[in-house]
Structure formats: structure tokens, C-alpha cells
Amino acid sequence: MSTAITVRSSTRTVLAVRSNCLARLQTKPNVYAFGTPYAHMYDDLRSKDEELYIKMGLISMLERNKNVKTAPAKFQLETKEQFDIIVTFETRVFDAVVEHLSNQDSINMKVVHVLGLHIKDNHQQAVLGAANTVTLLSMLAESADWENDLAHVLEEFQQREGKQVLHAVMFY
């Protein structure tokens, strides 16, 4: 599943990314390239074995994803836009984003905070993870000086929600 949500306010731009566009199943492997529309994946799996993929939760996951955006996209190809905060949902994606930003030449030394929440890739955890993400971003939005308050907000969030948050300060 790959989901990205861009949240814009008058003071900051946030990109939330989760990257894994490959639906790999032990019984019937299905691999889709980045950019393949979720609607195509949905129709393809329904035509192959709808009952199996409903049981596995893939049909409902793709229905959810279709409502978020058209297709999975690769973060490394979408970095022309600059964000204040990037939220990832898997440790390996956090590491990949940090590595990608580390390997780029800094253009204007604009700070970007990369935050990592760990969320299992299933419908129930995605709903809880979305709520956690909204809570965290709301806590930051309530701060008059979010960049200076970030460490305190992350600590408060971690204590209140029981979720660890990875944090890296990177530059564009």
C-alpha cells in the first residue's frame, strides 16, 4: 500500500508518505509498478480471485487507497516540492527518505523535519495510524513556534499515545 497526504496550512506544508506499491502474496504474487492506478490494481485482483483478495483485506485496502490518491508514487521522484515536515509510516521508508535527502545537494539549506511513525499495513492499523498522525500534526499546529516546540511536542505525543516517533532534521 502506498498513501501520501499533503496537508497545507498558512504556516507549513506537510507530506505524509508510506511507500510499498508491491502487493506480494505468498499464494499468488502480484507486483505493480509505481504509478499504476489503484483502480487498475483493484480491478485486476477482483478479476483474478475476488473472494481470496477480499479475505486477505487487499480489496478493502485498495478501495481506501483509491479515495486518497490515484496511484502510488515514489517519493524520490516527487521531491521537487519542498515540505516543512515529512511523515513516514515505516522505519525503512523513514531511512530511505533520510538517505535520499542526505544524498541530495542542498540548494537553499531549508530545514525539513522527517518524522517516522510505525504503522502496520492493514486497514485497522491504518485507521489508527491516521488518527495518530492527525493528533501529532494538530499538536504541532497548536504551537505558536512549532519548530522550537517540536522536541517537546514529540515527547508529549509519545507519552500520551504510546507511539515512538523517529525524527531527523534534514535540508533542501
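Residues satisfying the side-chain hydrogen bond (donor to acceptor under 3.5 Å, both in side chains) criterion with Lys66, sequence neighbours excluded, are absent altogether. Here Thr36 pairs with Tyr32, Ala33, His40, Met41 under the side chain to side chain contact (heavy atoms under 4.5 Å, CB included) rule; sequence neighbours left out. Under the side chain to side chain contact (heavy atoms under 4.5 Å, CB included) criterion, Gln159 pairs with Glu155, sequence neighbours left out. Remark: His152 pairs with Glu156 by the side chain to side chain contact (heavy atoms under 4.5 Å, CB included) rule, at least two apart or across chains. For Thr135, the side chain to side chain contact (heavy atoms under 4.5 Å, CB included) partners at least two apart in sequence or on another chain are Met139, Phe157, Arg160, Glu161.
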Do Gln82 and Asn108 pass the side chain to side chain contact (heavy atoms under 4.5 Å, CB included) test, and can you show the C-alpha distance, the side-chain angles, and the key distance before you say yes or no?
CA-CA 11 Å; Gln82 295 185 353; Asn108 57 16; 3.3 Å; yes
In sequence, state the C-alpha distance, the side-chain angles, and the governing distance for Val111 and Phe171, and then conclude on side chain to side chain contact (heavy atoms under 4.5 Å, CB included).
CA-CA 5 Å; Val111 172; Phe171 298 91; 3.4 Å; yes
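Within the 4.5 Å cutoff, the side chain of Leu150 has heavy atoms near those of the His167 side chain. Two residues are said to be in side-chain contact when any heavy atoms from C-beta on lie closer than 4.5 Å; Tyr38 and Thr70 fail this criterion.
For the atom pair Leu117 CG and Leu128 CG, the distance stands at 12.0 Å (nearest 0.5 Å). Within the model, atoms CD of Glu90 and NE2 of His118 stand 7.0 Å from one another, a figure rounded to the nearest 0.5 Å.
Residue pairs meeting the salt bridge (charged side-chain N to carboxylate O under 4.0 Å, His left out) criterion with at least one partner in residues 93-110, sequence neighbours excluded, are Asp84-Lys110.
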